[in-house]
> 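Sharing a structure here in structure tokens format.
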Amino acid sequence: MRNPLQTIGRDWPRYGDVTRYRFGAMQVFLVVHPDGVKRVLQENHRNYVKSFDYQILKRLLGEGLLTSEGRLWLRQRRLMAPMFHRQRIAEFGATMVDCTLKMLDQWNSLASTGNTFDACSEMMRLTLEIVARVLFKVEIGGELAHEIGRDVTIANERFGQFDLGTLLPWLPTLRNLQFRRATRSLNAIVGGIIASRRRIGQDRGDLLSLLLSARDEDTGEAMSDQQIRDEVVTLILAGHETTANALAWTWYLLSQNPEVELKLHAELAEVLGGRTPAVADLPNLRYTSKVIDESMRLYPPAWSVGRSPIADDEILGFHIPKGSTVMLSQWLTHRHPDFWEDPERFDPERFKPARADNRPRYAYFPFGGGPRQCIGNAFALTEANLILAAVAQKYRLRLVPGQRVEPLALVTLRSRYGLKMTLEPTRS
Ligand code: HEM
């Protein structure tokens with residue numbers, strides 16, 4: 001539990017594609033082979049609900065889209081889907097670029113002074129601002145962004161570090177008390193956003209307006225403030241940390257792989273010629289998108305997903321009893337040597353169609369799969385590619401000498417010691 005990546009990384013080569021762990025009466029099956037992943041997420045998904053750890057997440061996210069089940073989940077998913085259609089996301093692109101350019105303006109002084117900065121917090125601030133502006137048309141700047149960032153970090157640490165206080169949330173341990181304070185603070189912020197929108201009472205064509213105006217098909221009832229809160233907190237959390245981590249790891253990988261970085265710059269120069277990128281450019285930025293794909297292969301922002309079978313199942317010939325936990329791990333499956341040659345190498349060309357076509361669908365699942373696949377998938381990819389293109393065409397991010405780099409597997413995959421970097425101008 002203290003270092004899950006190390007534990008599962010050690011056990012998988014030893015025991016193979018299905019490993020059973022026992023924690024007292026609880027059994028956890030780690031399933032690594034893509035066929036097993038497919039069985040759980042897609043083929044037999046009706047037999048699975050989200051695992052115990054999502055119950056813990058519910059303490060913050062309530063019955064939002066990520067943690068709810070059954071009819072409630074389906075109703076909410078259908079309701080929110082239109083906000084995430086490709087066409088809609090294309091409209092969001094301009095805001096994504098706008099926020100990035102604003103950040104680049106602030107980076108000018110960093111570049112001229114040679115001062116260091118933490119790429120993780122910068123990416124976190126940027127993606128938080130984007131999700132808030134795009135989905136809720138709210139500006140989250142300065143102090144508020146700082147507060148949300150702090151609350152999210154506390155929550156992430158609470159969820160990611162399992163101890164007695166996790167099992168007994170009322171126990172006044174330091175982590176539990178900090179978590180309660182962070183939840184209260186997030187509730188107050190989100191409550192304020194909802195209340196101010198109710199006061200204005202105007203449809204702004206964003207997700208919040210959609211949630212406020214939604215009516216139940218059968219009863220005609222509006223959504224409760226609590227349900228709206230749960231969805232808003234879920235989207236703020238799920239919608240910024242993951243993408244921020246994907247980008248932070250990408251900057252790290254580029255700084256360590258100059259030949260990949262050179263190819264990326266060459267493509268940006270050729271396609272954009274110094275112009276600010278837009279959504280319409282994305283289909284032509286093929287190498288750029290492979291850099292993001294490959295970065296999420298090695299450092300998947302969601303490094304595992306868990307499910308619990310409601311009836312007995314069989315996975316890859318092993319009996320999986322109902323009520324147990326099945327753990328799928330992008331961190332391992334994305335390194336499976338049967339599907340990834342020289343798995344530790346950062347090689348975006350693996351995603352060229354000629355090399356990717358024969359790979360099973362579930363050898364790579366950064367966004368999960370089946371009906372519970374990430375609703376923000378296209379949003380995140382559009383955002384990550386636009387930010388990568390806009391920043392990389394201007395700056396190279398260099399890792400500060402001596403910076404220790406180690407992944408930290410909380411709910412998302414962070415860098416344990418942050419990523420201190422400096423800026424250098426990109427030479428075309
Ligand atoms: C690189 C960025 C992202 C990654 C790697 C990622 C990954 C994932 C994964 C693996 C799941 C499935 C969890 C499971 O099966 O238990 C998921 C679900 C979800 N994600 Fe993302 N996500 C990203 C970005 C986003 C964004 C930008 C948003 C919203 C703006 C978002 C909102 C959600 C929601 C609401 C769910 C629950 C969907 C449902 O169960 O219907 N995610 N995400």
Side-chain angles (χ1 to χ4, degrees), residues 37-38 40-42 45 48-58 61-70 72-81 83-85 88-89 92 95-96 123-124 126-136 206-208 211 230-250 289 292-308 325-331 333-334 362 364-388 411-414:
V37 177
K38 185 176 181 189
V40 175
L41 293 184
Q42 190 179 313
H45 72 86
Y48 287 88
V49 290
K50 297 227 168 176
S51 53
F52 167 72
D53 35 324
Y54 291 79
Q55 294 300 323
I56 302 174
L57 272 178
K58 271 193 186 177
L61 305 182
E63 294 289 336
L65 205 57
L66 184 67
T67 37
S68 57
E69 300 275 0
L72 173 64
W73 167 76
L74 189 62
R75 186 189 79 182
Q76 297 295 101
R77 176 99 189 188
R78 286 191 178 143
L79 183 85
M80 284 153 74
M83 284 304 290
F84 291 93
H85 282 163
R88 201 68 199 249
I89 288 163
F92 299 156
T95 311
M96 293 171 175
M123 292 300 110
M124 215 68 101
L126 174 60
T127 56
L128 175 62
E129 188 177 347
I130 290 176
V131 93
R133 268 180 61 181
V134 159
L135 294 181
F136 310 116
D206 61 1
L207 190 81
L208 190 52
L211 293 169
D230 291 353
E231 300 301 1
V232 172
V233 174
T234 297
L235 288 170
I236 289 180
L237 256 71
H240 91 279
E241 250 226 78
T242 39
T243 317
N245 288 334
L247 283 158
W249 286 116
T250 305
S289 84
I292 294 288
D293 292 345
E294 175 68 344
S295 159
M296 288 201 296
R297 181 185 71 81
L298 280 173
Y299 292 96
W303 64 277
S304 82
V305 295
R307 294 289 189 270
S308 180
T325 296
V326 177
M327 177 185 181
L328 312 172
S329 171
Q330 289 91 335
W331 174 262
T333 306
H334 290 183
Y362 284 96
Y364 184 70
F365 63 111
F367 294 103
R372 300 296 302 247
Q373 166 153 310
C374 178
I375 199 171
N377 178 344
F379 184 113
L381 288 175
T382 305
E383 182 184 14
N385 279 283
L386 285 173
I387 295 173
L388 176 59
V411 180
T412 57
L413 194 69
R414 290 187 166 199

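By convention here, the first residue in the shown sequence is residue 1. All of these numbers come straight from a predicted model, not from anything done at the bench. First listed ligand is number 1; within each ligand, the first listed atom is number 1.
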> Name the one of F365, Y362, Y299 that satisfies ring-ring contact (aromatic ring centres under 6.0 Å, His included) with H334?
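Option passing the ring-ring contact (aromatic ring centres under 6.0 Å, His included) with H334: F365.
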> Side chains of W73 and R372, heavy atoms from C-beta outward: is any pair under 4.5 Å?
yes
> Nearest protein heavy-atom contact for atom 28 (C) of ligand 1: which residue, which atom, what distance?
G239 CA, 3.5 Å
> Suppose we measure from atom 16 (O) of ligand 1 to each protein heavy atom; which comes out shortest, and what is that distance?
Y54 OH, 2.5 Å
> What are the two closest heavy atoms between L413 and W249, and how far apart are they?
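In terms of heavy atoms, the two residues are closest at O-NE1, 3.0 Å.
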> For atom 34 (C) of ligand 1, what is the closest protein heavy atom, and at what distance to 0.1 Å?
I375 CG2, 3.8 Å
> Any heavy atom of R307 sitting closer than 4.0 Å to ligand 1?
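Yes, R307 has heavy atoms under 4.0 Å from ligand 1.
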> With a 4.5 Å limit on heavy-atom distance, are the side chains of L65 and R77 in contact?
yes
> At what distance is the nearest protein heavy atom to atom 40 (O) of ligand 1, and which residue and atom is it?
R372 NE, 2.7 Å
> Report yes if some N/O of W73 lies less than 3.5 Å from some N/O of ligand 1; otherwise report no.
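Checking ligand 1 against W73, an N or O pair does fall under 3.5 Å apart.
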> Which atoms of ligand 1 have any heavy atom of F84 under 4.0 Å away?
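Counting atoms of ligand 1 from 1, those under 4.0 Å from F84 are 29 (C), 30 (C).
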> Would you kindly specify which portion of F367 sits under 4.0 Å from ligand 1, judged on non-hydrogen atoms: side chain, backbone, both or neither?
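Answer for F367: both.
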> Check each atom of ligand 1 against the heavy atoms of F379 and keep those under 4.0 Å away; list them by number with element.
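In order of numbering, the contacting atoms are 27 (C).
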> For ligand 1, which part of R77 has a heavy atom less than 4.0 Å away: the side chain, the backbone, both, or neither?
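Under 4.0 Å from ligand 1, R77 contributes side-chain atoms alone.
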> Between S295 and A246, what is the shortest heavy-atom contact and its length?
OG-O, 3.5 Å
> L61 and side-chain contact (heavy atoms from CB on, under 4.5 Å): which single residue from V233, D230, L235 fits?
V233
> Ignoring hydrogens, just give me the one of A302, C374, A384 whose non-hydrogen atom is nearest atom 18 (C) of ligand 1.
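Minimum heavy-atom distance to atom 18 (C) of ligand 1 goes to C374.
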> For ligand 1, is there an atom lying under 4.0 Å from some heavy atom of M296?
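True for this residue.
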> Pick one of side chain, backbone, both or neither for how L66 approaches ligand 1, counting any non-hydrogen atom pair under 4.0 Å.
both
> Starting from atom 25 (C) of ligand 1, what is the nearest protein heavy atom, named by residue and atom, and what distance separates them?
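The closest one turns out to be A238 O, 3.4 Å.
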> Kindly indicate whether the side chain of L207, heavy atoms from C-beta on, has any atom under 4.5 Å from the side chain of M80.
yes
> Quick check: does K50 get an N/O under 3.5 Å from an N/O on ligand 1?
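N/O-N/O distance below 3.5 Å exists for this pair.
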> Please list the nearest protein heavy atom to atom 24 (C) of ligand 1 with its residue and the distance rounded to 0.1 Å.
T242 OG1, 3.4 Å
> W303 and T412: which non-hydrogen atoms are nearest, and at how many Å?
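The answer is CD1-C, 4.1 Å.
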> Please work out, at 4.0 Å between heavy atoms, whether the side chain, the backbone, both, or neither of F365 comes within that distance of ligand 1.
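Near ligand 1, F365 shows nothing, with every heavy atom at 4.0 Å or more.
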> Quick check: does T243 get an N/O under 3.5 Å from an N/O on ligand 1?
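Between T243 and ligand 1 (N or O atoms, distance only) the closest approach is not under 3.5 Å.
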> Could you list which atoms of ligand 1 come closer than 4.0 Å to a heavy atom of P366?
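The list of qualifying atoms is 5 (C), 7 (C), 10 (C).
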> May I ask you to test the L381-M296 pair for a side-chain heavy-atom distance under 4.5 Å?
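They are in side-chain contact.
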> For residues I89 and F84, report the shortest heavy-atom separation together with the two atoms involved.
CD1-O, 3.1 Å
> For residues L388 and T250, report the shortest heavy-atom separation together with the two atoms involved.
CD1-CG2, 4.1 Å
> Would you call K58 and K50 a side-chain contact if the rule is heavy atoms closer than 4.5 Å?
no
> Taking only heavy atoms of V305, which atoms of ligand 1 are found under 4.0 Å from at least one of them?
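The list of qualifying atoms is 13 (C), 14 (C), 15 (O), 16 (O).
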